[in-house]
**Q** 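Here it is: the structure, laid out below.
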Protein chains: 2
Amino acid sequence: MPLDPIARVRRFNRAVTTEVGALDMSFLGRGRPLGTARVLNAIGHGQSDVAAIRDYLGLDSGLMSRLLRGLEDEGLIETVPHPEDARRRVARLTKAGRSEFRAYEALSNAQAKDFLARHSRQEELLRAMDLVASALGRGRIVLEEMDPRDDDAKYCLGEYYAELARRFENGFDVSLSRDPEAVDMVRPRGAFLVAMSDGLPIGCVGLKGGGGEVAEIKRLWVAPSARGLGLARRLMEAAEDIARELSIKVLRLDTNSALPEAQQLYRNSGWTEIARFNDDPYPDTFFEKHL
Amino acid sequence: MPLDPIARVRRFNRAVTTEVGALDMSFLGRGRPLGTARVLNAIGHGQSDVAAIRDYLGLDSGLMSRLLRGLEDEGLIETVPHPEDARRRVARLTKAGRSEFRAYEALSNAQAKDFLARHSRQEELLRAMDLVASALGRGRIVLEEMDPRDDDAKYCLGEYYAELARRFENGFDVSLSRDPEAVDMVRPRGAFLVAMSDGLPIGCVGLKGGGGEVAEIKRLWVAPSARGLGLARRLMEAAEDIARELSIKVLRLDTNSALPEAQQLYRNSGWTEIARFNDDPYPDTFFEKHL
DNA sequence: CGATTTATCTGACTAAAGTCAGATATCATG
DNA sequence: CATGATATCTGACTTTAGTCAGATAAATCG
């Protein structure tokens, strides 16, 4: 007789609401009401468009206006008309605002650190938290196009190689593989996409072009904590969209039968198996898709 | 370059605070302000002492008083003086209150169910949520003495047997083992303790007495999601305390070398290895402790 | 250009939550 | 039984959050 899943979810809710009050409430502790602090933090995190902040925090325009005024009176922010549309306003931190924001960040980090310090089995706990955060934050996953040499991209690639090394019978060594040049995965030849979930990289895919009408899909990877959310498909679709933008007519990719879930995905989304088209030692299966 | 643990914790906080607003807010949806609904739910969950509720919800006594009055006016609760101390008051649900509480419970359950339905890989997600909830709710774990035939106890025993079956080379079959009679694990001969975390059983231990000065520790088990919190030690200490209450002078236990972490615990808490004292086919190591 | 739409702001509200200083009744103690 | 401690209640506040109907100014469209 297993435990009731609903009871388990409710227990999680209880545990988290009790604890999170004391956990994410770095908003408190600097003598500023919650709403004001949330706006300041949203601006600090790069949200500058007033409408975007209002939308993000779910605030009424009147309330928003007052909160902004309050922060302005405190000298923490300044608002200027949007350069392209003077009806809209853009808010940005002043010097004092930046320092106040840093103080909030430091508080948040200290709380997170304390939280971790109070717990044993940290890596296991973090993995569970990653999984829950990925599931809960599913709707907020955004695909960002970036240079494959950026940190978040490099993190994903590192994890991808590590996973291949674990899953291939004889391991995996990038230097023996046909590692694409970064320039082939940057516009105009190609692109590199990283899936970001609340600021953390959780997946990637590369579109490697050579300038012609044929390009390759490379380095499709999704973090273990984010599997089952349909992210791989979303990455592939986004890569295909970019390929079409770049006037690419045919996509190809190579893969290995040690990765059956990937092959499954390709077969389910319009790819057909073709003959080997390169001499890379690792792949044993090859696919193609006409756009 | 692994991800920053602090960033991971903060991402979890963000994901959870965003989602939990829409997740545990079964409090809403019945046209009652949050504070009032929280008090009603606390009473429904068995908190009856006004001071206890106030403490649990962190409310000012004046505010609490008004909220109680509001619920009384609605006819959902009644308050009576505490039988042993007429200064204190005890609140309980009326018939209407019980039905209103049930409506909140149904809402909560429906939301939990919806939440689960929105996610794939449910068992994996639930396991991660259990782990997080155990870690976060660590301070709220309570040890309850109960009959080993109660549901929560039986759940723990079932999980215990399943774990032995997984870990012993040749499996585990209770019927071949010396399964203690329930009556030997109930006062006055012995006791059975279950660790409850926010309403869910996550560990147990049995004290099996025979009426004399010697008793046995049996069925020490901690749920995987709750390991590393020091719960096994806490269960053992509680069992020893009860043994002392029952005037037991010597405790014994048998275990198996396939469970090294258990042996480690015994050695670290005053137990010494002794010779085999029974003919049960499963154990291969035996311990004793003088109280 | 004039009419309409859009983004923000202002003023005038309400509701909810929280604070605090007594008031009141009961209990515990010497 | 007087004294002080304790638990709750009451009244008189303040703060925060949120709502809503215009006002204002800039953009967009026919």
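Letters go in sequence order (proteins before strands), and every chain restarts at 1.
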**Q** Do we see a donor-acceptor contact under 3.5 Å between the side chains of A/S225 and A/S134?
**A** yes
**Q** Among C/dG18, D/dC20, D/dA27, which nucleotide has an atom closest to any side-chain atom of A/D60?
**A** D/dC20
**Q** When you measure from every atom of DNA chain D, which of residues 78-85 of chain B have a heavy atom less than 4.0 Å away?
**A** none
**Q** Do B/K95 and B/E100 sit within salt-bridge range, that is, some charged N less than 4.0 Å from a carboxylate O?
**A** no
**Q** Let me know the distance between CD of A/E72 and P of C/dT8, rounded to the nearest Å.
**A** 13 Å
**Q** Assess whether a salt bridge exists between B/D241 and B/R244, defined as any Lys/Arg side-chain N lying under 4.0 Å from an Asp/Glu carboxylate O.
**A** yes
**Q** Among B/V222, B/I242, B/L235, whose side chain to side chain contact (heavy atoms under 4.5 Å, CB included) with B/V205 holds?
**A** B/L235
**Q** Report the distance from atom CG of A/L57 to atom C1' of D/dG18, rounded to the nearest whole Å.
**A** 14 Å
**Q** Assign each of A/L59 and B/R88 to its nearest nucleotide of DNA chain D by heavy atoms, then name whichever residue's nucleotide is nearer the 5' end.
**A** B/R88
**Q** Check this for me, if you would: do B/E105 and A/R10 make a salt bridge, where the nitrogen-to-carboxylate-oxygen distance has to be below 4.0 angstrom?
**A** yes
**Q** Under a 3.5 Å cutoff, is there a donor and acceptor pairing between the side chains of B/R32 and B/Y104?
**A** yes
**Q** Mind listing the residues from residues 44-56 of chain A sitting with a heavy atom below 4.0 Å of DNA chain D? Number order is fine.
**A** none
**Q** Give me the distances for all protein-to-nucleotides 4-6 of chain C N/O pairs that come in under 3.5 Å?
**A**
{"unit_1": "C/dT6", "atom_1": "O4'", "unit_2": "A/R87", "atom_2": "NH1", "d": "3.2"}
{"unit_1": "C/dT6", "atom_1": "O2", "unit_2": "A/R87", "atom_2": "NH1", "d": "3.3"}

**Q** Any donor and acceptor pair, going by atom type alone, linking the side chain of A/E72 with main-chain N or O of A/T79 inside 3.5 Å?
**A** yes
**Q** Quick one: do the A/R92 and A/S48 side chains pair a donor with an acceptor below 3.5 Å?
**A** no
**Q** My understanding is that only residues two or more places apart in sequence, or in another chain, count here; which of them pass salt bridge (Lys or Arg N to Asp or Glu O under 4.0 Å) with A/E144?
**A** none
**Q** Go through residues 61-70 of chain A and report each residue with a non-hydrogen atom lying under 4.0 Å from DNA chain D, sorted by number.
**A** A/L63, A/R66
**Q** Expressed in angstrom and rounded to an integer, what is the separation of B/L34 atom CG from D/dG18 atom P?
**A** 12 Å
**Q** Of all the heavy-atom pairs spanning B/A226 and B/I202, show the shortest one and how long it is.
**A** CB-CD1, 3.8 Å
**Q** Please report, rounded to the nearest Å, how far the C1' atom of C/dC27 is from the CZ atom of B/R89.
**A** 16 Å
**Q** To the nearest Å, give me how far apart CZ (A/R38) and C1' (D/dT16) are.
**A** 13 Å
**Q** Does the side chain of B/S61 pick up a donor-acceptor pair with the side chain of B/R54 at under 3.5 Å?
**A** no
**Q** A/D55: what forms a salt bridge (Lys or Arg N to Asp or Glu O under 4.0 Å) with it, not counting sequence neighbours?
**A** none
